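Data first, discussion second: the structure below is written as structure tokens.
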Amino acid sequence: MAEAARPTVTLLLLLMMLFAAAPPASSASPAPADECYSADLATAGVSTGVLLEHGNRTSTKVRSELRVEVPADWPFTQHLLLSEESPDYIRAMACITRPYGGQYRRWSEWRDGVPSVTAEKDGGVTVLDRAHTWVNLNGTVHAGLWSVRTTEDRWTVRLLPPPALAGARWTEIKVDPGSPGAESATPLPSGGEGATALLWHPADSDRASAADRGKQASGRKSLANAPVPAVTVRVKASWQRSWNARSNLPGAVLLDRSGYIVSSLVTGALLLYGVVLHRRRPTPPTTRQDRALRNLARWAVAATPLALLLDGRAVLQQYGEQGNGAFWRDELILRDHGFALAFVAVLLVMARPTRRLWAALAALAVPPLLVAVVPGTFDTHDEASALALITTASASLCLFSLCSLAWAAAAWRLATDGELLPGSRRSPGNDRKLRLRLAGPAVLAWTIFVSIFLVLAEERGWQRATWLSDRTVPEYGIDHWNNFVGEALSSVLASQDWLSSYLWWLTAVAILAVLRAWRSATAESPLEEPSDRLLFLTFFGVVVVMPGGHVAGFSTISVLWQLFGMLALYGFVAPFTRRSALSQPLEGSGRPLATVAGGPAGRATLLDKSRSYREIHAELRRLDQGLFGDVPPKRSDLERDLSNLHDWPANPPAAGGADRLPAKISVVDAALALGPRDTWWANGSRCARLSLIPALPASFLMIWVWHIRGEGGTEVLSDQFGVPGLLPALITWMATWTGAAFTLGALWRQLPGQRGAAKALPVTLAFALPVAADGLVRHFTEESTAGLAFAVSAMLFVLTITGIAVDFDTFRTERRYWQSRLGLLLSVYQMRYYSLQFAYLIAQIIAMISIWKFLADPDSAPEPPGSKD
């Protein structure tokens with residue numbers, strides 16, 4: 001009996017313990033405290049608005065504005081007047097500007113500055129908060145009290161009022177969805193403004209009016225404001241903006257990255273075909289030629305695996321995140337480090353480094369390998385561990401140094417094998433070696449430089465996203481630490497993408513190495529030999545042609561711009577080579593002038609005759625002006641001397657006596673057409689060197705226009721590699737100008753025109769035609785074209801100055817006889833005051849057009865890390 005009662009007693013004891021632990025049934029749970037004292041904000045005046053800007057940009061920009069008239073009797077009113085770092089200020093500002101509280105982080109929200117706080121005479125304050133964001137991903141972005149959610153065909157704009165302002169007096173709510181307007185709105189607006197803006201005025205509703213009448217009758221504060229309407233507006237954006245808003249979807253990433261892969265495949269195919277054409281040359285290659293050609297073939301083959309590693313990894317990552325959600329940390333490390341080490345391995349196939357470099361590279365590979373293979377040993381699963389941050393950061397830094405050193409070693413190998421670098425001073429006749437004692441400190445300094453700005457950018461981004469978070473709670477410090485660990489991991493992929501964007505430098509070096517090694521001393525230009533022609537045009541397409549074809553943020557057709565630039569250069573030069581000065585036939589033998597005047601002897605003869613030609617013309621001008629003495633020379637004698645200068649000894653002599661220069665070509669024109677050197681490679685190299693002086697200010701201006709001015713400055717400061725990226729960007733623009741100048745010099749003898757400024761036009765037009773096509777595409781996709789016209793005008797400026805410098809350099813042996821360079825230049829060009837004034841007016845017109853284009857707003861929008869929001 002007792003044993004049967006034991007279960008019952010046990011059950012009663014458990015129930016008694018449960019009821020003792022539970023709160024009494026009659027007492028209700030206490031409601032959460034109202035930390036923002038919402039009741040005291042009932043008299044606050046609130047107005048807000050949002051504007052969607054679609055046109056003249058790749059991503060739609062969302063601008064929001066919030067205006068709150070905070071009453072004096074709110075407990076936190078005076079806290080708003082404190083410093084932005086004050087905990088009281090943060091708590092007060094979070095109450096009136098955050099719908100989810102201050103601890104909610106917004107990675108997609110941006111601000112030009114802190115909210116404006118103005119003290120009023122009655123003791124209250126007025127807060128004006130402006131924020132903005134970009135609709136550049138499929139999901140939800142926030143700006144102020146507004147959110148924009150994108151789907152495949154519709155966007156939803158929604159008002160998210162803070163709970164503290166739910167009972168306030170909302171005077172106006174404005175939504176301007178931009179053209180073509182809103183498709184639907186809930187609730188229906190009470191009015192409109194302009195062509196597309198919708199307005200709501202909750203304070204003017206019947207309920208609010210009744211409350212105001214009660215307030216006036218009783219003389220007390222009204223606490224019965226109209227509720228905040230749940231404003232929801234649906235927008236059907238244009239296909240251009242909707243297309244860009246899907247950029248983070250797996251299919252969109254595949255479509256975007258496929259453009260880079262196709263571009264690498266096409267460039268690699270062109271290079272391989274160029275190798276085949278060089279192998280078909282009748283003369284056997286020398287050791288240097290064979291080495292340069294093998295390097296080009298290896299690089300053409302290596303470019304495709306590199307593209308697949310980088311772009312394929314991005315596609316794989318996006319599909320993995322969509323299918324499995326977030327990866328485990330050890331899986332992330334294994335995947336990212338594996339792709340990075342494979343990237344290095346491909347570069348090392350090209351570099352073929354020395355033993356010391358191999359040892360340094362192996363030492364740098366040890367930390368990332370250990371972290372990837374045994375992540376548990378380093379506490380990588382514990383996000384708040386100091387060891388986790390140290391190990392992940394160290395592995396990331398080693399990987400970045402490893403990639404940078406392998407990149408430099410590959411470039412060094414391509415340059416030395418093609419004799420693009422001077423030989424060794426210690427061992428004359430041998431190539432210069434990449435010394436570890438110089439390369440190691442340089443790579444270390446580069447890594448430290450990049451990592452410093454990476455940490456600063458990460459800290460700036462964290463402060464931007466958490467500027468209203470409570471910094472006193474322990475979770476804030478833990479989240480801050482975890483964010484640094486996550487950024488250390490993501491920097492591996494980001495640095496790989498960043499470094500890979502400059503792999504075309506290696507392509508340019510490999511092409512130049514082959515062109516230099518295989519150059520012909522008798523060819524007038526690289527367009528004569530089919531093998532040189534293909535590589536030379538590819539060099540122009542890779543180095544000089546501006547990247548284009550980014551339709552709505554996708555690079556699917558970008559390779560067409562490279563091919564378009566190559567065809568444009570050939571089309572603007574090849575059909576007009578017969579009009580060049582050296583292609584004109586001699587009067588007598590009928591042979592082109594280039595066949596008899598192209599060598600060093602012909603150059604010396606033309607330079608001597610050119611000096612006599614200019615001196616006789618100077619005597620004729622003085623004779624016309626009556627500046628001679630009592631016995632002036634006879635005009636007929638001077639004219640006969642000029643005519644004799646056109647005589648040219650033919651080899652073999654033409655029937656009937658000596659040849660004569662073409663009637664339309666003077667000896668000065670013929671000398672200028674030769675250029676300052678005896679071969680097309682030497683002319684191109686000299687032209688590239690002469691362009692460095694005008695290219696430097698042009699590069700700084702382009703950095704300002706494309707990277708710093710306007711919204712570009714925000715992107716530079718917020719991006720992980722924004723500030724360090726300015727240095728490669730400067731080198732890129734310098735390579736663009738000097739590459740175009742090399743093209744100008746290499747084609748100098750076949751370009752039409754008698755002066756350098758005229759010869760610069762075909763190359764400038766070949767550069768401008770793809771830019772114009774890109775501008776048309778941008779106009780069709782309603783994107784900004786700012787900066788394109790300025791790039792063309794800068795190219796014309798650089799090449800014009802370079803062409804004039806080449807003309808001057810052609811007569812450099814006469815510099816000792818002139819007081820200034822300008823005097824020699826005017827003598828060569830036979831220019832006088834009227835010509836200078838006319839040129840000055842033309843320069844003023846070009847400057848005004850360029851300045852007008854320069855003042856146009858650029859389209860540069862920072863890309864917030866959407867994966868965090």
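What you see is a predicted model, and the numbers here were worked out from it, not measured in a lab. Residue numbers count from 1 along this sequence.
One finds the CG atom of L692 at 5.0 Å from the CE atom of M734 (value rounded to the nearest 0.5 Å). Atom NE2 of H337 sits about 8.5 Å away from atom CG of L493, to the nearest 0.5 Å. A distance of 4.5 Å separates CH2 of W407 from CG of L506, quoted to the nearest 0.5 Å. How far CG of L537 is from CG of L567: 8.0 Å, rounded to the nearest 0.5 Å. A distance of 7.0 Å separates OG1 of T764 from CE of M795, quoted to the nearest 0.5 Å. Interatomic distance, CG of L296 versus CE of M350, reported as 8.5 Å (0.5 Å rounding).
Around CZ of F700, the count of heavy atoms belonging to other residues, nucleotides or ligands within 6.0 Å does not exceed 12. Atom CZ of R432 sits in a crowded spot, with more than 12 heavy atoms from other residues, nucleotides or ligands closer than 6.0 Å. Sparse packing is recorded around CZ of R356, with 12 or fewer heavy atoms of other residues, nucleotides or ligands lying under 6.0 Å away. With a 6.0 Å radius and a threshold of 12 heavy atoms from other residues, nucleotides or ligands, Y273 has its OH atom at or below the threshold.
Formation of a donor-acceptor pair under 3.5 Å by the T267 side chain with backbone atoms of S264 is not found in this model. At least one donor-acceptor pair under 3.5 Å links the side chain of T133 to the backbone N or O of S108. Distance alone, capped at 3.5 Å, places no donor-acceptor pair between the R241 side chain and the S59 backbone. Under a 3.5 Å cut-off, the side chain of S500 and the backbone N or O of D497 do form a donor-acceptor pair. Between the R464 side chain and the W107 main chain, a donor and an acceptor come within less than 3.5 Å of each other. Side-chain N or O atoms of T60 include none that pairs as donor or acceptor with a backbone N or O of V135 at under 3.5 Å.
Here the shortest heavy-atom pairing between L515 and L535 reads CD2-CB, 4.1 Å. Counting all heavy atoms, side chain and backbone alike, L309 lies closest to F339 at O-CD2, 3.5 Å. When all heavy atoms of S501 and W504 are compared, the closest pair comes out as O-CD1, 3.2 Å. Residues L270 and L534 approach most closely at O-CD2, 3.5 Å, considering heavy atoms. Taking every heavy atom of both residues into account, A292 and A517 meet most closely at CB-CB, 4.2 Å. Counting all heavy atoms, side chain and backbone alike, A351 lies closest to A406 at CB-O, 4.4 Å.
By the 4.5 Å heavy-atom criterion applied to side chains, W412 and L421 are counted as neighbours. With contacts defined as side-chain heavy-atom distances shorter than 4.5 Å, the pair R516/L420 qualifies. Here the side chains of W737 and S699 are in contact, with some heavy-atom distance below 4.5 Å. In this structure, W462 and F484 have side chains that are not in contact, with every pair of non-hydrogen atoms separated by 4.5 Å or more. Residues R298 and R294 meet the side-chain proximity criterion, which asks for heavy atoms closer than 4.5 Å. Contact check for F343 versus L402: no side-chain heavy atoms found under the 4.5 Å cut-off. Inter-residue side-chain proximity for W518 and L293 is flagged as met; some heavy-atom pair is nearer than 4.5 Å. With contacts defined as side-chain heavy-atom distances shorter than 4.5 Å, the pair L444/S401 does not qualify.
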Q: Evaluate the side-chain contact (heavy atoms from CB on, under 4.5 Å) criterion for residues L272 and V276: first the C-alpha distance (whole Å), next the side-chain angles of each, then the deciding distance (0.1 Å), finally the verdict.
A: CA-CA 6 Å; L272 286 177; V276 172; 5.7 Å; no

Q) Run the salt bridge (Lys or Arg N to Asp or Glu O under 4.0 Å) check on D290 and R279 step by step: do they pass? A) CA-CA 9 Å; D290 184 69; R279 291 295 184 189; 2.8 Å; yes

Q. Going through the checks in order, is the side-chain contact (heavy atoms from CB on, under 4.5 Å) test met by S495 and L399?
A. CA-CA 9 Å; S495 62; L399 275 176; over 6 Å; no

Q: Starting from the C-alpha separation in whole Å, work towards a yes-or-no answer on side-chain contact (heavy atoms from CB on, under 4.5 Å) for V544 and L569.
A: CA-CA 11 Å; V544 182; L569 178 63; over 6 Å; no

Q. For W110 and S718, what are the C-alpha separation, side-chain angles and deciding distance, and is it a side-chain contact (heavy atoms from CB on, under 4.5 Å)?
A. CA-CA 10 Å; W110 300 77; S718 60; 3.4 Å; yes

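Proximity of the aromatic rings of F536 and F540 is defined here by a centroid distance below 6.0 angstrom, and this criterion is not met.
In this structure, a donor-acceptor pair under 3.5 Å is absent between the side chains of S558 and S263.
Ring geometry for F780 versus W239: interplanar angle of 30 to 60°, hence tilted. Between W733 and W706, the ring planes lie tilted relative to each other; the angle falls in the 30° to 60° range.
When each of L265, I261, V346 is paired with L308, the side chain to side chain contact (heavy atoms under 4.5 Å, CB included) condition holds for I261 and for no other.
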